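Reviewing the structure listed below.
Just so you know, these numbers come straight off a predicted model, no measurement behind them.
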There are 2 protein chains.
Amino acid sequence: MTTQGNDKSTANNFPAGEGPSASGTSHAKRGPSIADVARAAGVSAQTVSRVSNGHSNVEDGTRIKVQDAMRRLGYRPNGAARALKSGQFKSIGVIMFTLSSHGNMKTLDAIARAASDSGYSISLIPMPDPASSKFPAAYNRLREQQVDGVIIVFDAHLTDRADIILPEDLPTVVIDSKPDRGYIMVDTDQGGGAQQATEHLLSLGHANVWHIGGPQASFSASHRAGAWRLTLNTAGVTPPEVIYGDWSTESGYQAGLELGSRPEVTAIFAANDHMALGAMRALHELGRKIPRDVSVVGFDDLDEASSFWPPLSTVHQSFRTVGRLGLELLLTQIAGGQAPDSNWVPTRLVVRESTSAPSTPGG
Amino acid sequence: MTTQGNDKSTANNFPAGEGPSASGTSHAKRGPSIADVARAAGVSAQTVSRVSNGHSNVEDGTRIKVQDAMRRLGYRPNGAARALKSGQFKSIGVIMFTLSSHGNMKTLDAIARAASDSGYSISLIPMPDPASSKFPAAYNRLREQQVDGVIIVFDAHLTDRADIILPEDLPTVVIDSKPDRGYIMVDTDQGGGAQQATEHLLSLGHANVWHIGGPQASFSASHRAGAWRLTLNTAGVTPPEVIYGDWSTESGYQAGLELGSRPEVTAIFAANDHMALGAMRALHELGRKIPRDVSVVGFDDLDEASSFWPPLSTVHQSFRTVGRLGLELLLTQIAGGQAPDSNWVPTRLVVRESTSAPSTPGG
DNA sequence: CCGTGGTGCCCCTAGTCCCTA
DNA sequence: CTAGGGACTAGGGGCACCACG
């Protein structure tokens, strides 16, 4: 008789007379559970579970009764309980260092959409501090949340990550241009893009191509610079010295002031659109016409690039494809499959009005 | 011998003889549980729980033993089990319509950082389709994930959302400029910003200020246009007709071509920086000097705005503050508190080089 | 053999009980 | 005797497994 429980509210008797419901957790509103639905439909909880998971061996009449009860009560399966039972949460963690960059945002967008399509949700962990010391903490937080896998988006701006160690017990995909250590990586084909840009300028008749590089410690930047150098060498041209920026428009501006003051400079390949924008501003100020006096090519193809003055010729990279592919590779791993280690997404040169043949013969 | 368990791991005998551990869920790698830690440390599971939750009544020696065992085993509390027990998952759902806008991204960044600081994680649901029909599905997915609250970021670009109904049983904050229906909202003070921009141009001596507006169905856009109109009226100036764009640089370019061809136009206030950029491109093409012939003010203060040609005077809005405040209001609700309905975050005018006094007397 | 109901367990923590100093 | 601290138990919601008609 102690646990008589003809309805739900029973199942434990309180020794002290106090009302049980007023104990602390008043704000945690719990929705209807599988048991409530079962009671309302006049079936057992297991049958409700079967309906909810689309199992086949349920009579049509029963199924309809149950679905009706679910709708009436506004039942939603409890993901936490499901995760506890199954060990899978249908959720993936995304670690990002900053959202305030065009590429990261696009990538995140693509990951989120692809995940949503696959029935996964995204748990986002921002890492304001690129210090590797904070890294394990982020990983641990994701593990606590029972994520099934992790995508790490290393920012192109991030420089020092030599000592970041990835745990091996959680499927992981890294979006970054540093293929080693045996993890799965995806990134834009930085080298291919830089080659396209450089070849474009050479084919227009420029005798040489100057390069405004990203920070030397950045892998994407060094890939771009390396391919630029190789392309020039292949064409029999001696690469001039690189002017290094830090990806910002301001650093591009500084580099532009320096290059613009040298009359032999007729073609500039900037490692990203922001620096290209800054360089163009410097060229404007120096009175050098674009593209008549100097041609400029960027890298990224920002949405605004077509509205720069003049509209910027640039290398388009598909962050969408990178994000989608990253998720795909992660799901493959989660399913226990083998994914290829290094994955490069091709770029596309977009020619606009910041490039033309040189008006004066170079050199 | 089957389950001999001479130590505490016992407590249940398996009816069928099968080994219990080998049952089916092979792919779901489960980490060490509280029981494993307890066994390793030679204490009970409850003591481990107390240590892990920082309760006070644990002897120092015991605590250290337990923490040591945790570290050795790489133990992480299981968030799903915790959520199941407590009803709170320390997780916030964020519904966004697009990440591909500067403002949304900044806002998300701010929300994510603030949430992280408060020990909450972010579950991101993208809504590619602004159709309201998809809306309940997104909400349901979040509810399944046991989120403690929801932040909805309505995109400024989104037009028709008349029939989106917010559930009442989950704390919700809306980031948008449409204060009604009794939900909690936060947004930039659109009107105040537009007023600052307009007053700036008037105070420079311009006889009138033309406006390139955002889409008419956008609340932020109509707030900005309304305040611009009111400011002109207050100054005794009859507002000219608005040229409507769709926030894109291209639409700004079109508007710029139209306004730039009219010699009486000496001052333009564009409803966002992208349209201002497009308009400036049109003015360049038409040969009208900025700011000598025409002054231009934008709205947003994009990072690149200082590198536009010329550097753009614009209204700075703090997405960071909006995001942070939104999260704060949500946490207040989750804690059962009362949050103010309408919250406006002030703007700041940033004067750069795209504005000056008119060189010729207007009109 | 199919459809249904009953039981145990996923992991954690609140509350209570019990032991020791 | 009290007080402090460790151990035990009971679910929280859902689903795999078996038993049963």
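- Distance, A:Phe89 CZ to D:dC15 P: 13 Å, rounded to whole Å.
- Regarding contacts with the backbone of D:dA7, a side-chain N or O of B:Thr47 is found under 4.0 angstrom from either OP1 or OP2.
- The base of C:dT16 has none of its N or O atoms less than 3.5 Å from a complementary donor or acceptor on the side chain of B:Gln46.
- The side chain of B:Arg82 places no N or O atom within less than 4.0 Å of a non-bridging phosphate oxygen (OP1 or OP2) of C:dC11.
- Out of D:dA7, C:dC11, D:dG13, the shortest distance to the side chain of B:Asn78 is found at C:dC11.
- Regarding B:Leu84, its CG atom lies at a distance of 7 Å from the P atom of D:dG13, rounded to whole Å.
- At C:dT13, one or more side-chain N or O atoms of B:Asn53 fall inside 4.0 Å of OP1 or OP2 (strictly under the cut-off).
- Contact annotation: side chain of A:Arg50 to base of D:dA16, donor-acceptor pair absent below 3.5 Å.
- Considering only heavy atoms from C-beta on, A:Arg141 comes within 4.5 Å of B:Ser121 through its side chain.
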Without placing hydrogens or testing angles, list every side-chain donor-acceptor pair under 3.5 Å for residues 54-73 of chain A, not counting sequence neighbours.
from, atom 1, to, atom 2, distance (Å)
A:Asp68, OD2, A:Arg72, NH1, 3.1

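- Two residues, B:Thr62 and B:Ala80, neighbour DNA chain D, and the one matched to the more 5' nucleotide by heavy-atom proximity is B:Thr62.
- Of the candidate nucleotides D:dG13, C:dC11, D:dA10, D:dA10 has the atom nearest to the side chain of B:Lys85.
- Under a 4.0 Å N-O distance rule, the pair A:Asp36/A:Arg39 qualifies as a salt bridge.
- Shown here, D:dC1 forms no base pair; nothing in the strands shown gives a Watson-Crick or G-U wobble contact with both key distances under 3.5 Å.
- Listed by first and then second residue, the ring-ring contact (aromatic ring centres under 6.0 Å, His included) pairs that reach into residues 61-95 of chain B are A:Phe89-B:Phe89, sequence neighbours excluded.
- Residue A:Ser86 has no polar side-chain atom (N or O) positioned under 4.0 Å from OP1 or OP2 of D:dG14.
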